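Values in this document were obtained by computation on a predicted structure and should not be read as measured data. All residue numbers in this chain count up from 1 along the given sequence. What's counted below: heavy atoms across the whole structure, side chains too, no hydrogens, waters or symmetry copies.
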Amino acid sequence: MTQPTAQNTERPAQAVSSRRSRSWWLNLGVALAVLVGFHLWQTRHVPRGTAPEFTALAISSQASATMSLAQWRAAHPGRPVALHFWAEWCGICRMEEDNVTRVAQDWPVLSVAMRSGDVAAVRRVMGQRGLNWATVIDPDGDVARRYGLGAVPALVVIAPNGQISTTSVGYTTTWGMRARLWWAQWRA
């Protein structure tokens with residue numbers, strides 16, 4: 001019978017460590033593939049190319065004020081703009097509010113209140129939550145449908161040339177929003 005030596009005991013330990021490492025990388029790869037697949041499924045109806053134009057009622061001090069995508073982009077020439085689709089009844093949207101507020105301090109973000117009531121109702125919700133966002137109303141979800149969105153929250157980044165740069169559905173971090181806007185600016 002042979003006595004275990006340092007060399008004999010290291011090999012099994014290395015083999016176990018190697019298997020664990022491969023297993024960890026495999027699990028990570030599967031998780032990433034699932035996340036990418038889910039993202040692609042969520043954004044499967046989002047149009048490619050030029051961002052669909054829209055005009056909608058705006059939260060404004062003027063009664064019946066409207067805002068169009070063209071007006072919003074013209075107010076921010078040479079910059080990418082973001083459309084943030086949200087709803088007052090959406091819990092994830094509520095968790096994301098601070099992220100949108102921080103990003104809107106540095107980047108042009110137009111929020112789209114989807115199926116959240118009329119101008120007065122959305123204005124009241126925004127006041128209660130302390131949201132000072134540029135906002136348009138999408139009472140029946142028509143604007144969201146033009147963008148192929150069936151869920152909120154969603155972020156659509158439009159490059160300075162009017163092309164849809166990126167779309168994300170679901171919770172997006174402040175850095176995730178900024179990275180998408182930086183990417184659109186850099187590619188311009």
Indicate the atoms forming the closest heavy-atom contact of [X] with [Y], along with that distance.
| X | Y | value |
| --- | --- | --- |
| Leu110 | Met67 | CD2-CG, 4.3 Å |
| Ala121 | Ser116 | CB-O, 4.1 Å |
| Ala56 | Val136 | CB-CB, 3.8 Å |
| Thr135 | Ser111 | OG1-OG, 2.6 Å |
| Trp89 | Met114 | NE1-O, 3.9 Å |
| Arg178 | Val103 | CG-CG2, 4.0 Å |

Please check if the side chain of [X] supplies one atom and the backbone of [Y] the other of a donor-acceptor pair under 3.5 Å.
| X | Y | answer |
| --- | --- | --- |
| Arg94 | Arg129 | no |
| Glu53 | Ser68 | no |
| Asn99 | Met177 | no |
| Arg73 | Pro160 | yes |

Which value, rounded to the nearest 0.5 Å, describes the distance between [X] atom [atom1] and [Y] atom [atom2]?
| X | Y | atom1 | atom2 | result |
| --- | --- | --- | --- | --- |
| Gln105 | Thr101 | CD | OG1 | 7.5 Å |
| Asp98 | Thr173 | CG | OG1 | 13.0 Å |
| Met126 | Trp86 | CE | CH2 | 5.5 Å |

> Under 30°, 30 to 60°, or over 60°: which ring-plane class applies to Phe85 and Tyr147, parallel, tilted or perpendicular?
Replying inline: tilted

> For Arg123, which of Ile59, Leu131, Asp118 qualifies under side chain to side chain contact (heavy atoms under 4.5 Å, CB included)?
Replying inline: Ile59

> Picking from Val157, Ile158, Thr50, what satisfies side chain to side chain contact (heavy atoms under 4.5 Å, CB included) with Gln163?
Replying inline: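 It is Thr50, the one option of Val157, Ile158, Thr50 that forms the side chain to side chain contact (heavy atoms under 4.5 Å, CB included) with Gln163.
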
>> Tell me whether Asn132 at atom CG has more than 12 heavy atoms from other residues, nucleotides or ligands lying less than 6.0 Å away.
In response: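 Atom CG in Asn132 is not crowded, with 12 or fewer foreign heavy atoms closer than 6.0 Å.
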
> Is the number of heavy atoms from other residues, nucleotides or ligands under 6.0 Å of Trp175 CH2 greater than 12?
Replying inline: no

> Checking side chain to side chain contact (heavy atoms under 4.5 Å, CB included) for the pair Leu155/Val100: CA distance, chi angles, key distance, verdict?
Replying inline: CA-CA 10 Å; Leu155 183 76; Val100 175; over 6 Å; no

> Hey, quick one: are Trp183 and Val81 part of the same hydrophobic cluster, counting side-chain heavy atoms closer than 4.5 Å, chains of contacts allowed?
Replying inline: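 No.
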
> Can you get from Trp133 to Val122 by hopping between Ile, Leu, Val, Met, Phe, Trp and Tyr side chains that sit under 4.5 Å apart?
Replying inline: yes

Beyond-backbone contact of [X] with [Y], side-chain heavy atoms, under 4.5 angstrom:
| X | Y | answer |
| --- | --- | --- |
| Leu69 | Leu83 | yes |
| Thr172 | Arg180 | yes |
| Gln185 | Leu181 | no |
| Met95 | Tyr171 | yes |

